[in-house]
Trainee: 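First the structure, then my questions, so here it is.
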Amino acid sequence: MNTEKKRIPKTGRSPEALLAEMESFKSGDVRWKEGRTWSMVYQVDEAHNALLKQASNLFFSESYINPFAFESLQRMEKEVVAMTAAMLHGDEQTAGTMTSGGTESIFLALYTYREWGRKARRGCNEVVVPATIHPAFEKAAHILGLTIKKVPVGDSGKADVEAMEKQIGPKTLLLAASAPSYPHGLLDPIPSLSALALQHQLPLHVDACIGGFMLPWVEQLRPDLVHPWDFRLPGVTSISADTHKFAYGAKGSSVLLYRKMDFLRHQFFITTDWAGGIYASVTLLGSRSGGPIAAAWAAMNSLGQDRYLELAKKVMSGVDQLKAAINGLPELELIGSPCMNILAFTTRNNRPDIFVVADALSEQGWYVDRQQRPNCIHVTVMPQNLPVLQQYIDDLGTAVDFAKANPQAKAKGNAALYGLMARIPFRGMVEQNVRKMFEDLYGEPASEQAEEAGRGDNIPEPARWMGLLNRLLSINPFRR
């Protein structure tokens, strides 16, 4: 960032020049329109994008800080909430709000239960969750002063109900589970957790931020993959589902539903002694953009159930194709039994190293989501991936062949860095390194070269000791 970029320019520039420069900024971004990414962007087609932009622009200036001032936004929010509740088998008592995304939905759910707990269960501050729960729960708990009790998952990769029950105690505030877990696309045993919540008279929040607008359609297509997980289960008291994911709305928007108003009322914040008058807010944000609300409403009404079902059918066909390819490579295996269009895969006994496979895929132009515990590659199959899916499958086979032929590659590049971060037992060291990366990102880059190095999927070559330590930690003396 040069000196001129740090100050508002004295003289404004033309819209044409600004838009051209902004377009040039995208040159280093991931190539999601080409289907080269497997997360982050949820796309139908250009016609749908055009509708979302038009709908959002209609409410570009409106601020939803006061729901009574803009009846149009209030109506659309209520209708989005009602449509979502009906899809997830709510009833006339189901209540909820829209939020800015999954993180805010999860934050508000925990805030609401904390406030409810202060009145109904004084002293309760523990949230019992499976270890695969989204980090937004930890983030919210950190801010709200709650304690997350993460329970190791079972051999299936799903929540271990018996182990979670053992963590329930006098300080337990609520239970939570995933539909499905983001890393591996595994649907937690929510029917059993519902029964557990009822037995112990605890709320149960289902995080369906990623699956809320996909699982209902997959259940119709493939009932063998999806068991009941929503308000059909009496122990489920709230659900979060992102409209900016598989409802194909605009970023950022989500829906947070409660079984009844008895819970939602604790989400409202009201103060009556401000000089500016009575202040009340329904969600975490004060000013709320009307654009995402309008875009979500337009998306749901334009696609309709038939198109959602059609899109789900197409991506699940792609999932079947990808699963068959992974199962056809003897070196690879799926993580668990995915329930929708999210899956993860790894190498058997880490032979060859999965992060070397990931590096080889990156070299071929794919943006790769690397994961840990276990080390694996995450894939969310979306409509924009389908035209290039066979190319990915071909490149995956080539990447596996490369990793087999180059076992020393685990000591180099991203494979060494990711491998070490995943294996190092002192997680505080990992946190310190990640924190430093963010300090460098949001601070002043040391040079133009440092700024270039921080872009995209390119991570600087690690020190030699990192590669050696990664190889040492990857040795399993019990492996056959």
Side-chain angles (χ1 to χ4, degrees), residues 39-42 84 88 96-117 125-151 153 158-159 164 173-188 190 193 203-215 229-230 236-247 249 251-258 263-264 266-267 269 282-285 288 292 296 340 342 344 369 371-373 378 380 427 430-431 434-435 438:
S39 61
M40 299 181 289
V41 179
Y42 304 82
T84 307
L88 302 182
T97 63
M98 291 188 69
T99 73
S100 62
T103 295
E104 187 187 358
S105 287
I106 290 167
F107 178 92
L108 286 172
L110 265 61
Y111 168 77
T112 296
Y113 289 122
R114 188 193 72 172
E115 297 305 292
W116 167 82
N125 66 347
E126 294 178 351
V127 185
V128 179
V129 301
T132 48
I133 204 77
H134 195 278
F137 282 85
E138 293 183 80
K139 184 177 184 179
H142 176 74
I143 296 170
L144 293 169
L146 301 175
T147 299
I148 296 290
K149 300 192 75 173
K150 290 198 289 186
V151 181
V153 294
K158 303 175 183 180
M164 287 182 66
L173 178 63
L174 76 146
L175 309 177
S178 305
S181 60
Y182 178 83
H184 312 126
L186 305 180
L187 181 58
D188 282 332
I190 297 173
L193 289 169
L204 170 61
H205 179 77
V206 175
D207 171 22
C209 288
I210 188 73
F213 284 90
M214 179 60 70
L215 288 175
W229 57 272
D230 54 19
V236 173
T237 53
S238 57
I239 300 173
S240 49
D242 289 357
T243 37
H244 66 209
K245 290 190 173 76
F246 293 116
K251 299 283 187 180
S253 62
S254 177
V255 174
L256 175 57
L257 298 174
Y258 297 92
F263 289 115
L264 176 58
H266 296 286
Q267 183 177 298
F269 176 82
V282 176
T283 62
L284 179 63
L285 303 183
R288 298 165 64 192
M340 50 178 267
I342 299 175
D369 292 332
Q371 300 187 140
Q372 61 180 355
R373 299 185 176 184
H378 168 100
T380 301
R427 305 315 289 173
V430 178
E431 179 183 343
V434 174
R435 192 176 297 277
F438 273 96

Trainee: With rounding to the nearest 0.5 Å, note down the distance linking CG in L146 to CZ in R114.
Mentor: 6.5 Å
Trainee: Is the count of non-hydrogen atoms from other residues, nucleotides or ligands lying under 6.0 Å from K251 atom NZ greater than 12?
Mentor: yes
Trainee: Can you check whether W229 reaches L88 side chain to side chain, under 4.5 Å on heavy atoms?
Mentor: yes
Trainee: Any side-chain heavy atom of S240 within less than 4.5 Å of one from H205?
Mentor: yes
Trainee: Is any side-chain heavy atom of M340 closer than 4.5 Å to a side-chain heavy atom of P180?
Mentor: yes
Trainee: Within the structure provided, determine whether M98 and V255 are in side-chain contact (heavy-atom separation under 4.5 Å).
Mentor: yes
Trainee: When you compare the side chain of L144 with that of Y113, does any pair of heavy atoms fall below 4.5 Å?
Mentor: no
Trainee: Please round to the nearest 0.5 Å and tell me the distance separating atom OG of S105 and atom CD1 of I239.
Mentor: 12.0 Å
Trainee: Of the non-hydrogen atoms in I106 and A136, which two are nearest, and what is the gap between them?
Mentor: CD1-CB, 3.8 Å
Trainee: At what distance, to the nearest 0.5 angstrom, does OG1 of T132 lie from NZ of K158?
Mentor: 11.0 Å
Trainee: Calculate, to the nearest 0.5 Å, the distance between atoms CZ and CG belonging to F246 and L215 respectively.
Mentor: 10.0 Å
Trainee: Is a donor on one side and an acceptor on the other found under 3.5 Å between the side chain of T237 and the backbone of L204?
Mentor: yes
Trainee: I want to check something: taking the side chain as every heavy atom from C-beta on, are L284 and T99 in contact at a cut-off of under 4.5 Å?
Mentor: no
Trainee: To the nearest 0.5 Å, what is the distance between CE (M214) and NZ (K245)?
Mentor: 12.5 Å
Trainee: Side chains of V236 and D230: does their closest heavy-atom pair fall under 4.5 Å?
Mentor: no
Trainee: So do the side chains of M164 and P130 get within less than 4.5 Å of each other, counting heavy atoms only?
Mentor: yes
Trainee: Which heavy atom of A177 sits nearest a heavy atom of I190, and at what distance?
Mentor: CB-CG1, 4.2 Å
Trainee: With under 30° as parallel and over 60° as perpendicular, where do the rings of Y182 and H378 fit, or are they tilted in between?
Mentor: parallel
Trainee: What distance do T283 atom OG1 and Y111 atom OH have between them, rounded to the nearest 0.5 Å?
Mentor: 11.5 Å
